[in-house]
Amino acid sequence: MNPVATAIVAISGELTSALRLDEVTTFRALLEPTDEKYGDLSFPAIRYTKDVKGLAEDLRKFLSSKGLNYVSVEQVQGFLNFRFMCPGLASATIAWLQSDGNLDVIKAEKVSTVVVEHTSANPIHPLHIGHTRNACIGDSLVRLLRARGHRVISRYYVDDMGRQMAIVALGVRLLGGDLDSIITKTNRKPDYVIGWIYAVTSTTVDLMAAKAKGDQDEASKLASALVRLKSQDPIGVFDQLYNSILSLNDPEKAISEINSRYESGLEPERSFVRSIANAVLRGFTQSLNRLGVSFDEWDWESDLVWKGLVKAIVDEIKASRFYTKHKGADAIDVPMIIKEVLINDPEAMKSIQLPRGLEIPPLVVLRSDGTSLYTTRDLAYSLYKFSTSGADRVINVIGADQRLPQLQLRLALLGLGHRKEAINMFHYDYEAVRLPTGSMHGRRGEYVTLDETLETAKARALEEVRSRNPQVDSRWAEEVAEKVAVGAVRFAMVQVSASKPLVFDLSKALNLKENSGPYLQYTRVRALGILEKHGPIDYGAANPEACSEQLRSLMLSALRFPLVAAKAADDLAPELLASYLLSLADRFNNWYEKDAVIREQDVGARELKAIVVALVEQALRRGLELLGVPTPDRM
RNA sequence: GGGCCCGUAGCCCAGCCAGGAUCAGGGCGCCAGCCUGCGGAGCUGGAGGUCCCGGGUUCAAGUCCCGGCGGGCCCGCCA
């Protein structure tokens, strides 16, 4: 560990035992940002002891006994202020670097196996920016937890069952059923073609229902959506599709028949529906690869059903004392689980966090026609995720609109005796992404897709890259523009906390100025430029005495990286790392304007500065990698 | 009707869970400056705020509690 991390960990440990606190409390207090005039770390000791002066004295003795002579302790009012002092800090840093020091994220003391399920978009239309937020958050969590030393398995839940999937299948079938030829007729990605078919089919079916109900308002809205969809026709088959649907006597029946035959695993639906889902997933994989997101496992919902896992859980429910009928359908009595199990289990209460006064209805597990519901299958899937991965913890990155079903799920697991799973399954919820123009409607084909977003971002970045590098060949410019585009999108998606709705304004995300992914990429390129010009660093020649105040604080910031990343991982808070990186970059750019490395005449000072630049570069590079932001060497 | 989330300068947001010390911050946009010399996607300075409102707890509240207000989401044999 580097000198700063070592000292912070040591101080935290000492305060923990001296004041009999838990380690998390002290560690967090020490990582809180402080006003620089008070020092580099501060601890509100008055909260825990009357004898602040004595505590300060103890810490001084402790630090000197550990050889941490570069840290000073000052007592001001009720606070202990720590300061890393420069010649000492610089020498310790140089020594540490000479023995192969690097900025690895501090490893967790207790390594665990964690499943992160994320993205899991239904295979019926292209990925849009809502899924993009999910993918960026999920993948950043995966990277952070891995860096922290955990064993992490990323999983994608392919939701290929249910009504929506049956609707697409109906649409494709009405177009003749030859999916490959439909797709090859266009040069669009398969997810776009299928997304369009889905939107037309679903909207037409809804239009028929609205007309049947006599709902004129709704019908005219749907009709105008269809006009738009017709104008977006990628294969010239709108009329054929639209008319075939209208000619159906009972589209609902056709849909539920496909659904039920697919659930039973009957041909031809079994192969047909799969082939559609697979085509869409090919499109997804392409888009996700661009973003740098990949998965360890793709879990098919249909497999869970066909393997009998869903039936097994239904049998379990039927045999359970919490089995009930709700409006005539098989259900699980969630209110009774709360009353009889949850409130007698403090640990489960703490983990599940039931909102007070919330009335939760029983959870229906089977439709009257015997087919399963989404939550039923998810119940089976939850157990599957734990058992196949040997997971200690499962994190589900799912939109906040699914809070209630996720809560019901955990309660159902608890009631069925799967207590460990219920307690260790965590719904990482994030708020929706909205457009400045309003909400998106997948069923109407109204969305801004990930691909479009990346393309627009890339085009914008390309202009910038070309204007800065007029001589460069276009292939290189394209590669860099791609990295900038991906960096802009990924950073924009994680820098805002997940609990805030994100209004996605394309032109704002593409603003390549401060507080953006490209700003960080650019800052790192500057640092790298200095290092390349400077050449290999001569650690032995570096002079610790040449450490100015600005250089000291820059070095300190970079050396904090392993702890900040560890905290971001523990708190599942990528935005913490994002704001740290921005402040590190700001600090570096400030210093950069005022001081010089290559032109520094004094060798000792020059080598020390180069060392700090190298540390900043490393912290930025590693930090960006954890957020999935590419790190071009030139741009 | 009930539950949850959000409400900080014209705009976007950090800080709130784990209350502290000029704590009211950062960015965008705007205004005024800095381009022979490590890349200006940068830097310096300026204007701009009842931290939604009202109570309460505390030596101390943007942060905790209660009550409102505004916006979003959820309360389906959809996913």
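Hydrogens, waters and symmetry mates are skipped; everything else that's a heavy atom, side chains included, is used.
For the side chain to side chain contact (heavy atoms under 4.5 Å, CB included) with His427(A), the qualifying choice from Leu407(A), Leu409(A), Ile398(A) is Ile398(A), the only one to do so. For the side chain to side chain contact (heavy atoms under 4.5 Å, CB included) test with Ser557(A), the passing option among Leu584(A), Val616(A), Val612(A) is Leu584(A); the others fail.
Here the C1' atom of nucleotide G27(B) and the CG atom of Leu582(A) are 9 Å apart, to the nearest Å. The CG atom of Leu41(A) sits 17 Å away from the P atom of A21(B) (whole-angstrom rounding). Taking atom CG of Leu407(A) as the reference point, atom P of C74(B) lies 16 Å away to the nearest angstrom. Going from atom CD of Glu593(A) over to atom C1' of C35(B) covers 11 Å, rounded to whole Å. As a whole-Å value, the separation of Phe43(A) CZ from A21(B) P is 16 Å. Counting to the nearest Å, the C1' atom of G42(B) and the CZ atom of Arg524(A) are 17 Å from each other. Rounded to whole Å, atom P of G3(B) lies 16 Å from atom CD of Gln353(A). Here G72(B) presents its C1' atom at 20 Å from CZ of Phe504(A), a figure rounded to the nearest Å.
U8(B) sits 12 Å from G26(B) when the C1' atoms are compared, rounded to a whole Å. The P atoms of G27(B) and C74(B) are separated by 36 Å, rounded to the nearest whole Å. A distance of about 26 Å separates the C1' atoms of G15(B) and C30(B), rounded to the whole Å. Rounded to a whole angstrom, the distance from the P atom of G68(B) to that of A60(B) is 26 Å. Using P as the reference atom, A9(B) and G62(B) are 15 Å apart when rounded to the nearest Å. Nucleotides C51(B) and A61(B) place their C1' atoms 11 Å apart, quoted to the nearest Å. Taking atom P on both G72(B) and G54(B), the two are 24 Å apart, rounded to the nearest angstrom. When the C1' atom is compared between C43(B) and C66(B), the two are found 49 Å apart, to the nearest whole Å.
Within the shown strands, C13(B) is the pairing partner of G25(B) under the Watson-Crick or G-U definition, both distances less than 3.5 Å. Using the Watson-Crick or G-U wobble rule with both distances under 3.5 Å, U57(B) pairs with nothing in any strand shown. Partner assigned to U50(B) is none, using Watson-Crick or G-U wobble distances below 3.5 angstrom. Using N1 to N3 plus N6-O4 or O6-N4 for Watson-Crick, or N1-O2 and O6-N3 for G-U wobble, each under 3.5 Å, C78(B) pairs with nothing. The partner of A32(B) is U44(B), judged by Watson-Crick or G-U wobble contacts that both fall below 3.5 Å.
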List the atom pairs, donor and acceptor, that lie under 3.5 Å between side-chain atoms in residues 122-129 of chain A and the rest of the protein, sequence neighbours left out.
| unit_1 | atom_1 | unit_2 | atom_2 | d |
| --- | --- | --- | --- | --- |
| Asn122(A) | ND2 | Gln164(A) | OE1 | 2.7 |
| His128(A) | ND1 | Gly130(A) | N | 2.9 |

Nucleotide N/O to protein N/O under 3.5 Å, stretch nucleotides 61-63 of chain B:
none

Identify the pairs formed between an N or O of the protein and an N or O of nucleotides 75-79 of chain B at a distance under 3.5 Å, and give each distance.
| unit_1 | atom_1 | unit_2 | atom_2 | d |
| --- | --- | --- | --- | --- |
| C77(B) | O2 | Ser368(A) | N | 2.4 |
| C77(B) | O2 | Ser368(A) | OG | 2.8 |
| C77(B) | N3 | Ser368(A) | OG | 2.2 |
| C77(B) | N4 | Lys327(A) | O | 2.8 |
| C77(B) | N4 | Ser368(A) | OG | 3.4 |
| C78(B) | OP2 | Arg367(A) | NE | 2.4 |
| C78(B) | OP2 | Arg367(A) | NH2 | 2.9 |
| C78(B) | O3' | Arg367(A) | NH2 | 3.3 |
| A79(B) | OP1 | Arg367(A) | NH2 | 2.7 |
| A79(B) | OP1 | Arg377(A) | NH2 | 3.2 |
| A79(B) | OP2 | Tyr374(A) | N | 3.0 |
| A79(B) | O3' | Asp159(A) | OD1 | 2.9 |
| A79(B) | O3' | Asp159(A) | OD2 | 2.3 |
| A79(B) | O2' | Asn122(A) | ND2 | 2.7 |
| A79(B) | O2' | Asp159(A) | OD2 | 3.4 |

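Glu23(A) has no carboxylate O lying under 4.0 Å from a charged side-chain N of Arg28(A), or vice versa, which leaves the two without a salt bridge. Taking 4.0 Å as the cut-off between side-chain N and carboxylate O, Glu617(A) and Arg621(A) count as a salt-bridged pair. Looking at Glu482(A) and Lys458(A), a side-chain N of the basic residue comes within less than 4.0 Å of a carboxylate O on the acidic one, giving a salt bridge.
For residues 361-379 of chain A, the salt bridge (Lys or Arg N to Asp or Glu O under 4.0 Å) pairs, not counting sequence neighbours, are Glu301(A)-Arg377(A).
Partners of Glu463(A) according to the salt bridge (Lys or Arg N to Asp or Glu O under 4.0 Å) rule, which considers only residues two or more places apart in sequence or in another chain, do not exist here.
Residue contacts for Ile46(A): at a heavy-atom cut-off of 4.0 Å it reaches a base atom on one of the strands shown. Using a 4.0 Å heavy-atom distance criterion, Arg28(A) is classed as a base contact. Note on Met635(A): a base of the nucleic acid sits closer than 4.0 angstrom, heavy atoms only. When heavy atoms are screened at a 4.0 angstrom cut-off, Asn81(A) is found touching base atoms of the nucleic acid. Note on Leu358(A): only backbone sugar-phosphate atoms sit closer than 4.0 angstrom, heavy atoms only; bases stay farther off.
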TODO: Indicate for each nucleotide in nucleotides 4-17 of chain B, in 5' to 3' sequence, whether protein heavy atoms under 4.0 Å reach the base (B), only the sugar-phosphate (S), or nothing (-).
DONE: SSSS---S-SS---

- [ ] Just do the side-chain contact (heavy atoms from CB on, under 4.5 Å) check on Val613(A) and Phe588(A) with the steps written out, would you?
- [x] CA-CA 8 Å; Val613(A) 174; Phe588(A) 175 76; 4.2 Å; yes

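For the pair Tyr519(A) and C43(B), the criterion of a side-chain N or O lying under 4.0 Å from OP1 or OP2 is met. Put simply, Arg47(A) has a side-chain N or O that comes within less than 4.0 Å of OP1 or OP2 on G19(B).
At a threshold of 4.5 Å between non-hydrogen side-chain atoms, the residues Tyr38(A) and Phe79(A) do not count as touching.
Using a 3.5 Å distance cut-off with no hydrogens or angles, the side chains of Thr371(A) and Ser260(A) do not pair a donor with an acceptor. A side-chain donor from one of Thr523(A) and Asn589(A) sits under 3.5 Å from a side-chain acceptor of the other.
Checking G40(B), U44(B), A21(B) against every side-chain atom of Asn590(A), the shortest atom distance belongs to U44(B).
For the atom pair CD1 (Ile137(A)) and NE2 (His118(A)), the distance works out to 10.5 Å, reported to the nearest 0.5 Å.
With centroids closer than 5.5 Å and planes inclined by less than 30 degrees as the test, Phe79(A) and the base of A21(B) pass as a stacked pair. Taking the 5.5 Å centre cut-off and the 30° plane limit, the aromatic side chain of Tyr522(A) is not classed as stacked on G39(B).
A 6.0 Å sphere centred on NZ of Lys325(A) holds more than 12 heavy atoms belonging to other residues, nucleotides or ligands.
Proximity of the aromatic rings of Phe491(A) and Tyr519(A) is defined here by a centroid distance below 6.0 angstrom, and this criterion is not met.
A donor N or O paired with an acceptor N or O is not found under 3.5 Å between the base of A18(B) and the side-chain atoms of Asp22(A).
Look at C35(B): its glycosidic torsion is within 90° of 0, and that puts it in the syn range.
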